[in-house]
Amino acid sequence: MLTTNTSGRRKTAVARIYLTAGSGNITVNGKDYKEYFPTLPLQYIITQSTEVAGVAGNFDVKVNVQGGGVKGQAEAVRLAIAKALVELDPEVKPALRAKGLMTRDDRMVERKKPGRRKARRRFQFSKR
């Protein structure tokens with residue numbers, strides 16, 4: 001039986017997935033992925049890795065995701081699924097890498113600095 005589990009991260013979102021051979025069911029935090037991610041672009045992000053690898057509908061995915069916002073969570077799930085598929089079949093890695101699905105996007109929110117209003121925004125200058 002083909003099973004594997006991996007994790008993916010994006011911004012502050014962390015996704016842990018359990019991939020098993022099955023019929024294509026994707027469950028996110030106990031809900032169907034279409035219920036958890038109601039918009040079509042987010043649903044596309046979730047299924048993108050399996051479609052690029054050509055195994056859509058062959059695996060069941062159970063996801064635990066926490067932190068971040070919905071977009072970050074969706075992209076964390078996409079990375080985790082891509083890593084799991086490569087673990088099971090290394091031959092799909094070039095196709096996934098060509099679409100940029102194997103790279104962890106390490107961009108994070110810049111921290112707020114002291115004496116500033118935000119990370120880079122200064123307080124309004126007053127001449128008098």
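Hydrogens, waters and symmetry mates are skipped; everything else that's a heavy atom, side chains included, is used.
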**Asked** Are any of the side-chain heavy atoms of Leu2 and Phe59 separated by less than 4.5 Å?
**Response** yes
Partner of Gln48 under side-chain contact (heavy atoms from CB on, under 4.5 Å), picked from Leu96, Val77, Leu101, is Leu101
Between Pro38 and Gln43, the two heavy atoms sitting closest are O-NE2, 3.3 Å
**Item:** Residue pair Arg122 / Arg117, side-chain heavy-atom distance below 4.5 Å
**Value:** no
Output yes when a side-chain donor or acceptor of Gln66 lies under 3.5 Å from a complementary backbone atom of Ala15, and no otherwise. no
- prompt: Do Val28 and Phe37 have side-chain heavy atoms sitting under 4.5 Å apart?
  reply: yes
Q.
Closer than 3.5 angstrom, by distance alone: can the side chain of Thr50 be matched with the main-chain N or O of Thr47 as a donor-acceptor pair?
A. yes
State, yes or no, whether a side-chain contact exists between Ile17 and Ile81 at a heavy-atom distance under 4.5 Å. yes
So, Gln73 and Tyr36: side-chain donor and acceptor under 3.5 Å apart, yes or no?
-> yes
Query raised in the report: Side chains of Leu19 and Asn5: does their closest heavy-atom pair fall under 4.5 Å?
Result: no
Decide yes or no for Glu87 and Thr6: does some side-chain heavy atom of the first lie under 4.5 Å from some side-chain heavy atom of the second?
yes
In terms of heavy-atom contacts, Ala80 and Gly8 come closest through CB-N, 3.5 Å
Are the side chain of Lys113 and the backbone N or O of Arg111 linked by a donor-acceptor pair below 3.5 Å? yes
Exercise. Would you say Arg120 has more than 12 foreign heavy atoms packed within less than 6.0 Å of its CZ?
Worked result: no
**Study point:** Short side-chain to backbone donor-acceptor contact, Asp60 and Asn25, under 3.5 Å
**Key:** yes
Please confirm whether the backbone N or O of Ser7 pairs with a side-chain atom of Lys83, one donor and one acceptor, at under 3.5 Å?
-> yes
Charged N-O contact under 4.0 Å between Asp32 and Lys34:
no
Using a 6.0 Å cut-off, check whether atom NZ of Lys112 has over 12 heavy atoms from anything other than its own residue.
yes
Quiz prompt | Other residues, nucleotides, ligands: >12 heavy atoms within 6.0 Å of Glu110 CD | solution = yes
Are Val70 and Val61 connected, step by step, through hydrophobic side chains (Ile, Leu, Val, Met, Phe, Trp, Tyr) whose heavy atoms are closer than 4.5 Å?
yes
Would you say that Arg107 contacts Arg10 through its side chain, given a criterion of any heavy-atom pair below 4.5 Å between the two side chains? yes
Taking the side chain as C-beta and beyond, is there a heavy-atom pair between Phe123 and Arg116 under 4.5 Å? no
**Q.** Presence of salt bridge, Lys71 and Glu75, under 4.0 angstrom
**A.** yes
